[in-house]
Amino acid sequence: MPVYNKACYIRKCLNSLLSQSFTDFEMVIINDGSTDNSGMLLEMFAIEDSRIVYITTENGGVSSARNLGLEKAQGEYITFVDADDYVEVGYLEDIVKHIDRQDADMYLWGITKETIEGVCTPFNPDMSGEYDRTQFLKLLVNSHYNECPGICGFVSNKLLKREIILKYNIRFNPQMSLSEDFDFFLSFYNVVNKVVVFNNTGYHYIQETENSSVTRKTVNYLQLIDTQFKCQKIVSDNNALTDENKQILQSSINSLAAAALFEMDTVSFQKVKTLIIELTKRGIMSHKLVSSPLQSFFLCNNLLLTIYLKIWQRYLQLRRR
């Protein structure tokens, strides 16, 4: 559990975990340089409950904190929790029952999305059962991008065998500011042998809390595009790239490439040129991942770029009024 300035939420989160009917677990908590009362509260909980492994470090971001937690963890399985979320009674016990019944490398279930006003929306996977790697990856694309957006990238609705994480040195990328969770799990999906998916919405993901990464992150579209290509490669390498999956991934990359151009906060001739060069390096101009109108724009001359800059600069001026 990474913690950065979550003093307002820690008590509810930790109490929900420490009061679980299943008790045979360790809780690795990384205080990622908090400047509020988080550290004091965490120290109190660690003194009262020996299951807590409490570690303090300088602020390095959520990915660095999770990586440190992976290094310190000793359990057979790993699951992640965010400090502003909480779990329902019996949550861990239900998950552990699946381990007893089905010896898998990974378990995946649902979550409950909860607003800060307390409105809850259960969100379960659209698949259920046991899958080998190829079977799971064939279903992943449509599930993650269409039927249950984000389900395979959420950080807190999975249980992973730690020995696989260690064997393949799977870690979060500290350089990524968005979709770092999906990037991490893609690396795990690439080596997993057996996946079990079931319904459970006992984890409450609290949306847009104070200091939430959702509200603080800016979008790096090139990183997001790279993640889609990584997904495509892993799915393809495991013989799971169906025509439908290919079309879904192409559409995603297409949309991100367009957004990279048309959702700039500031624009300049050099900035647009640099972006087009980066997109070209990724093969987007020559690859049939981009619709004809957008491909035409990528192949535009300086005059069209100048017109685009003038229109976009005018739009930004109007938006700021």
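Leu14 and Ile55 end up in different hydrophobic clusters when Ile, Leu, Val, Met, Phe, Trp and Tyr side chains are linked at under 4.5 Å. Tracing side-chain contacts under 4.5 Å through hydrophobic residues (I, L, V, M, F, W, Y), one never reaches Leu68 starting from Val155; they form parts of separate clusters. Transitive grouping of hydrophobic side chains (ILVMFWY, heavy atoms separated by less than 4.5 Å) brings Met27 and Ile99 into a common cluster. The hydrophobic clustering, which links ILVMFWY residues whose side-chain heavy atoms are closer than 4.5 Å, places Ile30 and Phe25 apart. Residues Ile151 and Tyr91 are members of one and the same hydrophobic cluster, defined by side-chain heavy-atom contacts under 4.5 angstrom among Ile, Leu, Val, Met, Phe, Trp and Tyr.
Atoms CG and CE, from Asn199 and Met127 in turn, are 11.5 Å apart once rounded to the nearest 0.5 Å. Remark: Ile225 CD1 to Arg282 CZ distance equals 7.0 Å, nearest 0.5 Å. Atom CD1 of Ile164 sits about 13.0 Å away from atom OG of Ser187, to the nearest 0.5 Å. The CD1 atom of Ile248 sits 10.0 Å away from atom CG of Leu241, with the distance rounded to the nearest 0.5 Å. Atoms CG and CD1, on Asn37 and Ile10 in that order, are 9.0 Å from each other to the nearest 0.5 Å. To the nearest 0.5 Å, atom CD1 of residue Ile29 and atom OG1 of residue Thr56 are 12.0 Å apart.
Of the possible polar contacts, none joining the Glu278 side chain to the Leu222 backbone as a donor-acceptor pair under 3.5 Å is found. In terms of modelled atom types and a separation under 3.5 Å, the side chain of Ser143 and the main chain of Leu139 share no donor-acceptor contact. At distances below 3.5 Å, at least one donor-acceptor pair connects side-chain atoms of Asn157 with backbone N or O atoms of Trp109. Under the 3.5 Å distance criterion, the side-chain polar atoms of Gln228 are matched with a main-chain donor or acceptor of Leu224. Between the side chain of Ser156 and the main chain of Phe80, a donor-acceptor pair closer than 3.5 Å is present. A donor-acceptor pair under 3.5 Å is absent between the side-chain atoms of Arg66 and the main chain of Pro2, judged by distance alone. Side-chain atoms of Asp94 do not come within 3.5 Å of backbone N or O of Gly90 as any donor-acceptor pair. No donor-acceptor pair under 3.5 Å is formed between the side chain of Asn190 and the backbone N or O of Leu186. The backbone N or O of Phe154 sits nowhere less than 3.5 Å from a side-chain atom of Asp181 that would complete a donor-acceptor pair. At least one donor-acceptor pair closer than 3.5 Å links the side chain of Thr242 to the backbone N or O of Asn245.
The local environment of CG in Asp24 is sparse, with at most 12 non-hydrogen atoms from other residues, nucleotides or ligands closer than 6.0 Å. More than 12 heavy atoms of other residues, nucleotides or ligands shown are found within 6.0 angstrom of CZ on Arg162. Within 6.0 Å of NZ on Lys161 lie more than 12 heavy atoms contributed by other residues, nucleotides or ligands. Heavy-atom contacts from other residues, nucleotides or ligands closer than 6.0 Å to CG of Asp243 number 12 or fewer.
With hydrogens and angles left out, the side-chain atoms of Asp85 and Tyr203 include a donor and acceptor closer than 3.5 Å. Checked by atom type, the side-chain pair Gln102/Tyr107 shows no donor-acceptor distance below 3.5 Å. In summary, the side chains of Ser236 and Lys246 do not present any donor paired with an acceptor at a separation below 3.5 Å, with no hydrogens or angles considered. Side-chain atoms of Asp36 and Ser38 include a donor-acceptor pair closer than 3.5 Å. When only modelled atom types and interatomic distance are considered, Thr35 and Asn5 share a side-chain donor-acceptor pair under 3.5 Å.
Nearest heavy atom pair, residue Thr227 against residue Phe182, reads CG2-CD2, 3.8 Å. In plain terms, the two heavy atoms of Gly39 and Asn31 that are nearest each other are CA-ND2, 3.4 Å. Across all non-hydrogen atoms, the minimal contact from Phe188 to Met106 is CE2-CB, 3.8 Å. A pairwise comparison of heavy atoms in Leu159 and Ile95 identifies CD2-CG2, 3.9 Å as the closest pair. Closest of all the heavy-atom pairs between Val28 and Ala73 is CG2-CA, 4.1 Å. Heavy atoms only, all atoms of each residue included: Cys13 and Tyr86 are closest at CA-CB, 4.3 Å.
Here the side chains of Lys194 and Glu130 are in contact, with some heavy-atom distance below 4.5 Å. Two residues are said to be in side-chain contact when any heavy atoms from C-beta on lie closer than 4.5 Å; Val119 and Lys113 fail this criterion. You'll find the side chain of Gln247 stays beyond 4.5 Å of the side chain of Val141, heavy atoms only. Side-chain atoms of Gln223 and Leu178, non-hydrogen and from C-beta on, never get closer than 4.5 Å to each other. Tyr189 is listed as a side-chain neighbour of Cys152, based on a closest heavy-atom distance under 4.5 Å. Looking at heavy atoms from C-beta onward, Cys231 lies in side-chain contact with Leu140 at the 4.5 angstrom threshold. His204 has its side chain out of reach of Ser16: every pair of non-hydrogen atoms, C-beta onward, lies at least 4.5 Å apart. Contact check for Arg51 versus Thr23: side-chain heavy atoms found under the 4.5 Å cut-off.
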Between Val62 and Glu180, does a side chain to side chain contact (heavy atoms under 4.5 Å, CB included) hold up when you go through it step by step?
CA-CA 10 Å; Val62 65; Glu180 68 275 15; 3.7 Å; yes
Could you give me the CA-CA distance, side-chain angles and deciding distance for Tyr9 and Asp82, then say whether side chain to side chain contact (heavy atoms under 4.5 Å, CB included) is met?
CA-CA 10 Å; Tyr9 311 99; Asp82 283 337; over 6 Å; no
Verdict with supporting geometry, Thr112 and Glu114, side chain to side chain donor-acceptor pair (under 3.5 Å)
CA-CA 6 Å; Thr112 293; Glu114 182 174 337; over 6 Å; no
Side chain to side chain contact (heavy atoms under 4.5 Å, CB included) evaluation trace for Ser64 with Asp32
CA-CA 9 Å; Ser64 295; Asp32 189 31; 5.7 Å; no
Report the C-alpha separation of Leu18 and Phe45 in whole Å, then their side-chain angles, then the decisive distance to 0.1 Å, and conclude whether the side chain to side chain contact (heavy atoms under 4.5 Å, CB included) test is met.
CA-CA 10 Å; Leu18 297 174; Phe45 273 95; 3.8 Å; yes
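With sequence neighbours excluded, no residue forms a salt bridge (Lys or Arg N to Asp or Glu O under 4.0 Å) with Asp126. Judged as a ring-ring contact (aromatic ring centres under 6.0 Å, His included), and not counting sequence neighbours, Tyr131 has no contacts.
Relative ring orientation between Phe184 and Phe172 is described as parallel, the plane-to-plane angle staying below 30° on a 0-90° scale split at 30° and 60°.
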